[in-house]
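Small disclaimer: the values here were computed from a predicted structure and weren't measured. Quick note: residue numbers are just sequence positions, from 1.
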Amino acid sequence: MEPPVGGTAASGYEDLRNVFAGNFAATDDDPGDLGASLCVVHGGEVVVDLWGGWSDRAMTTPWRRDTLLNIYSVGKAVAAVTALRLVDGGELELDEPLADVWPEMTGEGRDGITLRHALAHQAGLPAIRAPLPDDAIYDWDGMCAALASTRPWWTPGEAHGYHTNTFGFLVGEPVCRVRNTRFDRALAELTAGPADAADLFVGLPRGEHHRCAEMDTFGADVMDLVPGPHEGDEDSLLAHRAYFNPRTLSGMGVVDTEPWREAMVPSTNGHATARSVAAFYAALLPSAGEGRLLSEAMQREATSVQADGVDRVLGRPSRFGLGFM
């Protein structure tokens, strides 16, 4: 069956529409994409707004303009900007200890961790050391408490490593503390609302689940393929804990479930439409004018290199600004 493609592409962007539609074509070597959406903003105007394919693995439900998708690490930028909005407004400080607003973040080398360290993946807390039960990921307070009792894997500020799944808690909890609210509410007030990104969520309301696309990877059976760490190897333990402590931390086996969608895991389980992701990034551009999410100075600092070199989690070179890779 020919996959449906909908939406618009302005004059001059017709070729992009053709390339987008071609992603769904199956060949002998490639089954094609199941479903996707694409939005491009140029000069403050939406010039491409496309969607196509299917939102379910059975290929019975067409992808629609308002189909929501788990956006994974796009959520890191969203969480970072939410925190940086408070830095811009003087409610948070980049170089003061997190313990100033998060008193539990003390002891065992955690006292000196700053928001800058957290944003630049230098905090030394990319993983929780103590094994956690699978359902721990659904408990924001529990995950933050576990992080605040974890001995850093390196001296904060002296190395960096991709905080794959802990980033959102490390950056989000200070936001929650100074605003005295939940992260989903802070996100809506500080970032999604001002960016006119109404379909940008962390902690998806139950009433929106019917719009979600199913993932064609990370099913329950994939958990049987996850190897354990090498005994006695600290680097192996770090990498494994970063992705699989708790076992459901990266969404594997649970990504299409109601508890996962409703949980708040800003690094990993945000949900959005392509149009809302584009609106979020467009609100960082000079063309946003007075509606720009960050001051020019703050954005310049956020997009400058803060950490560069061999990544302790990924095992290869990486480079980070303040929340941006």
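Heavy-atom minimum distance, Ala239 versus Val313: CB-O, 4.3 Å. The shortest non-hydrogen separation linking Pro266 to Gly168 is CB-CA, 3.7 Å. When every heavy atom of Phe167 is checked against every heavy atom of Ala80, the shortest pair comes out as CZ-CB, 4.2 Å. Of all heavy-atom pairs between Met215 and Asp256, the closest is N-OD1, 3.2 Å. Smallest separation of non-hydrogen atoms from Cys212 and Leu204: SG-CD2, 3.3 Å. Across every non-hydrogen atom of Leu322 and Met298, the tightest pair is CD1-CE, 4.3 Å.
You'll find the side chain of Asp199 reaches within 4.5 Å of the side chain of Arg211, heavy atoms only. Taking 4.5 Å as the limit, some side-chain heavy atom of Leu84 sits within range of a side-chain heavy atom of Leu94. Side-chain atoms of Leu190 and Arg179, non-hydrogen and from C-beta on, do get closer than 4.5 Å to each other. Side chains of Leu34 and Trp63 form no contact here, defined as non-hydrogen atoms less than 4.5 Å apart. Pro259 places none of its side-chain heavy atoms less than 4.5 Å from the side chain of Glu262. The shortest distance between side-chain heavy atoms of Pro126 and Leu238 falls below 4.5 Å. The side-chain heavy atoms of Cys39 and Val46, taken from C-beta on, include a pair separated by under 4.5 Å. Using a 4.5 Å cut-off on side-chain heavy atoms (C-beta onward), Thr67 and Arg64 make contact.
When hydrophobic clusters are built by joining Ile, Leu, Val, Met, Phe, Trp and Tyr residues whose side-chain heavy atoms come closer than 4.5 Å, directly or via intermediates, Tyr72 is grouped together with Val74. Leu200 and Val175 fall within the same hydrophobic cluster, where Ile, Leu, Val, Met, Phe, Trp and Tyr residues are linked whenever their side-chain heavy atoms come under 4.5 Å apart, directly or through other members. Leu294 is not connected to Val41 by any chain of hydrophobic side-chain contacts under 4.5 Å among Ile, Leu, Val, Met, Phe, Trp and Tyr, and they are in different clusters. The hydrophobic cluster containing Ile113 also contains Leu115, counting ILVMFWY residues as joined when their side-chain heavy atoms lie under 4.5 angstrom apart, directly or transitively. Following chains of ILVMFWY side-chain contacts shorter than 4.5 Å, one cannot reach Phe201 starting from Ile71, and the two form parts of different hydrophobic clusters.
Atom CZ of Arg57 has more than 12 neighbouring heavy atoms from other residues, nucleotides or ligands inside a 6.0 Å radius.
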Under the criterion side-chain contact (heavy atoms from CB on, under 4.5 Å), I'd like the reasoning laid out for Leu249 against Thr164: C-alpha separation, chi angles, the key distance, then a yes or no.
CA-CA 10 Å; Leu249 183 61; Thr164 313; over 6 Å; no
Does the pair Phe280 and Leu293 meet the rule for a side-chain contact (heavy atoms from CB on, under 4.5 Å), with working shown?
CA-CA 9 Å; Phe280 162 72; Leu293 289 177; 4.0 Å; yes
For Trp260 and Ile137: C-alpha separation, side-chain torsions, deciding distance, then whether side-chain contact (heavy atoms from CB on, under 4.5 Å) applies.
CA-CA 8 Å; Trp260 172 261; Ile137 193 60; 4.1 Å; yes
Step by step, would you call Leu69 with Ser37 a side-chain contact (heavy atoms from CB on, under 4.5 Å)?
CA-CA 9 Å; Leu69 184 68; Ser37 49; over 6 Å; no
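How far CG of Leu132 is from CZ of Arg241: 8.5 Å, rounded to the nearest 0.5 Å. One finds the CZ atom of Arg292 at 4.5 Å from the CD atom of Gln299 (value rounded to the nearest 0.5 Å). To the nearest 0.5 Å, atom CE of residue Met143 and atom CZ of residue Phe169 are 4.5 Å apart. Note that the OG1 atom of Thr268 and the CG atom of Asn70 stand 8.0 Å from one another [nearest 0.5 Å]. From Trp153, atom CH2 reaches atom CG of Asp235 across 9.5 Å, with rounding to the nearest 0.5 Å. The line from NE2 of His271 to CG of Leu68 is 7.5 Å long, rounded to the nearest 0.5 Å.
Looking at residues two or more places apart in sequence or on another chain, you find a side-chain hydrogen bond (donor to acceptor under 3.5 Å, both in side chains) between Ser318 and His160, Asp311.
Residue pairs meeting the salt bridge (charged side-chain N to carboxylate O under 4.0 Å, His left out) criterion with at least one member in residues 26-40, sequence neighbours excluded, do not occur. Residue pairs meeting the side-chain hydrogen bond (donor to acceptor under 3.5 Å, both in side chains) criterion with at least one partner in residues 80-90, sequence neighbours excluded, are Thr82-Thr191, Asp88-Ser295. Residue pairs that meet the salt bridge (charged side-chain N to carboxylate O under 4.0 Å, His left out) test with at least one member in residues 149-166, sequence neighbours left out, do not exist here. For residues 100-129, the set of pairs meeting the side-chain hydrogen bond (donor to acceptor under 3.5 Å, both in side chains) definition, not counting sequence neighbours, comprises Asp95-Arg116, Glu104-Arg177, Glu108-Arg110, Thr114-His117, Arg116-Glu301, Arg116-Gln306, Arg129-Glu234.
Within the hydrophobic cluster formed by Ile, Leu, Val, Met, Phe, Trp and Tyr side chains joined at under 4.5 Å, directly or through other members, Leu38 is accompanied by Val5, Tyr13, Leu16, Phe20, Phe24, Val40, Val47, Val48, Leu50.
For Ser250 and Asn165, the side-chain atoms include at least one donor-acceptor pair closer than 3.5 Å.
Classified by interplanar angle (parallel below 30°, tilted 30° to 60°, perpendicular above 60°), the ring pair Trp140/Phe183 is parallel.
Ser276 places no side-chain N or O within 3.5 Å of a backbone atom of Thr273 that could act as its donor or acceptor partner.
Using a cutoff of 4.0 Å between basic side-chain nitrogens and carboxylate oxygens, Glu208 and Arg261 are not scored as salt-bridged. With respect to the salt-bridge test (charged N to carboxylate O, under 4.0 angstrom), the residues Asp49 and Arg65 qualify.
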